[in-house]
Amino acid sequence: ISVNEKIKKISVYIIAAGGIGLFYVTWNICPLWKDQEIYSKYVLSYEPDSAKNWNNLAMAVMDKGDIKGGIEAYKKAISANDTYPQTHHNLAQAYSKLGDPAAAEKEYRRAIAMNPDFYYSYLQLADIEYRRGNKKEALECFKAVKKIFPFYPDIDSAISQLSTELRRAK
């Protein structure tokens, strides 16, 4: 066998061994990829001050029904970096699920203060205000959504219905 043929055979074995090694590493790390909570905790062990990773952990534990755990993780995300309105919005939703509309309202308002075009929070505030019987405030929230996102589905219908309720109440 010539030297070139020996090199070709050795190359094939090296590539095959590399593939087997990659498969082994991938197989061992696979549980991290399958479970977002485990993966987030793993990443946080390397980047404990990452707001993004704390937010990801919060969403993962919330998906598993651990609302209080989610709230704690969202608070850590905010402590790490308080510049993302989405994190405040997510924390507000967690408070809503916990049954604390006052805390939810505070976080929705914080998200809006950080980004006045954050219409998701206006929609949730409208719901909170409507449930409290504050229909005028709910209408203002819907109008804010209409101004930001004129083609939001059913926003015209919501504004019309609430306006009618307010006129009838006079």
Side-chain angles (χ1 to χ4, degrees), residues 31-170:
L32 293 176
W33 297 339
K34 288 182 182 176
D35 187 319
Q36 184 64 39
E37 180 182 359
I38 292 171
Y39 178 74
S40 295
K41 287 178 179 178
Y42 173 77
V43 173
L44 282 166
S45 71
Y46 291 98
E47 298 177 1
D49 296 328
S50 170
K52 175 183 163 190
N53 291 324
W54 279 111
N55 191 65
N56 290 343
L57 176 62
M59 289 189 294
V61 297
M62 290 284 294
D63 284 345
K64 292 181 176 182
D66 183 3
I67 297 169
K68 290 181 181 179
I71 288 171
E72 290 308 310
Y74 284 130
K75 286 180 179 179
K76 287 181 181 181
I78 290 167
S79 293
N81 187 343
D82 190 16
T83 60
Y84 299 116
Q86 183 68 50
T87 306
H88 287 277
H89 179 84
N90 292 349
L91 178 57
Q93 288 185 311
Y95 280 130
S96 289
K97 287 181 181 179
L98 192 63
D100 189 348
E105 177 185 6
K106 177 184 169 198
E107 293 302 324
Y108 287 132
R109 292 194 186 283
R110 179 73 179 124
I112 291 167
M114 295 172 83
N115 180 357
D117 291 338
F118 204 74
Y119 67 91
Y120 299 110
S121 289
Y122 280 111
L123 289 168
Q124 298 303 320
L125 276 176
D127 182 59
I128 289 172
E129 294 297 355
Y130 188 83
R131 289 173 190 265
R132 288 180 178 160
N134 301 330
K135 293 180 181 179
K136 185 176 178 184
E137 289 81 0
L139 179 61
E140 292 306 313
C141 290
F142 282 139
K143 286 180 179 179
V145 172
K146 173 77 173 169
K147 183 177 177 185
I148 297 163
F149 188 7
F151 302 109
Y152 187 83
D154 297 325
I155 195 66
D156 291 325
S157 174
I159 290 171
S160 176
Q161 181 180 353
L162 204 45
S163 295
T164 301
E165 286 182 33
L166 284 168
R167 277 193 304 277
R168 288 181 181 162
K170 288 184 179 181

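Since the structure is predicted, the reported quantities are computational estimates derived from the model, not experimental observations. Side-chain atoms are counted along with the backbone in the values below, which use heavy atoms only and exclude waters and symmetry mates.
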Task: Smallest separation among heavy atoms of Phe118 and Gln86, with atom names - done: CZ-OE1, 3.3 Å
TODO: May I ask you to check whether Glu165 and Tyr130 show a side-chain donor-acceptor distance below 3.5 Å?
DONE: yes
Open item on the list: Using modelled atom types and a 3.5 Å cut-off, is there a donor and acceptor pairing between side-chain atoms of Asn134 and backbone atoms of Glu137?
Closed with: no
Open item on the list: Side chains of Asn55 and Met59, heavy atoms from C-beta outward: is any pair under 4.5 Å?
Closed with: yes
Task: More than 12 heavy atoms from other groups under 6.0 Å of OH on Tyr84 - done: no
Task: Closest approach of Asn81 to Ala51 (non-hydrogen atoms, all atoms of both residues) - done: CB-CB, 3.6 Å
Task: Main-chain N/O of Ser160 paired with Thr164 side-chain donor or acceptor, under 3.5 Å - done: yes
TODO: Identify the two heavy atoms, one from Ile112 and one from Ser121, that lie closest to each other, and give their separation to 0.1 Å.
DONE: CG1-CB, 3.7 Å
- [ ] Could you tell me whether Arg109 and Glu129 have a side-chain N and a carboxylate O separated by less than 4.0 Å?
- [x] yes
Task: Salt-bridge contact Glu37-Lys41 (side-chain N to carboxylate O under 4.0 Å) - done: yes
- [ ] Nearest 0.5 Å please: distance from the OG atom of Ser96 over to the OH atom of Tyr108.
- [x] 4.0 Å
Task: Working for side chain to side chain contact (heavy atoms under 4.5 Å, CB included), residues Phe142 and Ile155 - done: CA-CA 7 Å; Phe142 282 139; Ile155 195 66; 3.6 Å; yes
TODO: Measure up the Tyr39 and Tyr42 rings against each other and bin them: parallel (under 30°), tilted (30 to 60°), perpendicular (over 60°).
DONE: tilted
TODO: Identify the two heavy atoms, one from Ser50 and one from Leu44, that lie closest to each other, and give their separation to 0.1 Å.
DONE: O-CD2, 4.1 Å
Open item on the list: For a quick test of reading the model, state the closest non-hydrogen atom pair linking Glu107 to Ala92 and the distance between them.
Closed with: CB-CB, 3.5 Å
Task: Between CD on residue Gln161 and CG on residue Leu139, distance to nearest 0.5 Å - done: 11.5 Å
- [ ] Measure up the Tyr152 and Tyr119 rings against each other and bin them: parallel (under 30°), tilted (30 to 60°), perpendicular (over 60°).
- [x] perpendicular
Task: Identified side-chain contact (heavy atoms from CB on, under 4.5 Å) counterpart of Val43 within the set Asn53, Leu57, Ile38 - done: Asn53
TODO: Using a strict 4.0 Å threshold on nitrogen-to-oxygen distance, state whether Asp35 and Lys64 make a salt bridge.
DONE: yes
Task: Nearest heavy atoms of Thr87 and Ala77, plus distance in Å - done: CG2-CB, 3.8 Å
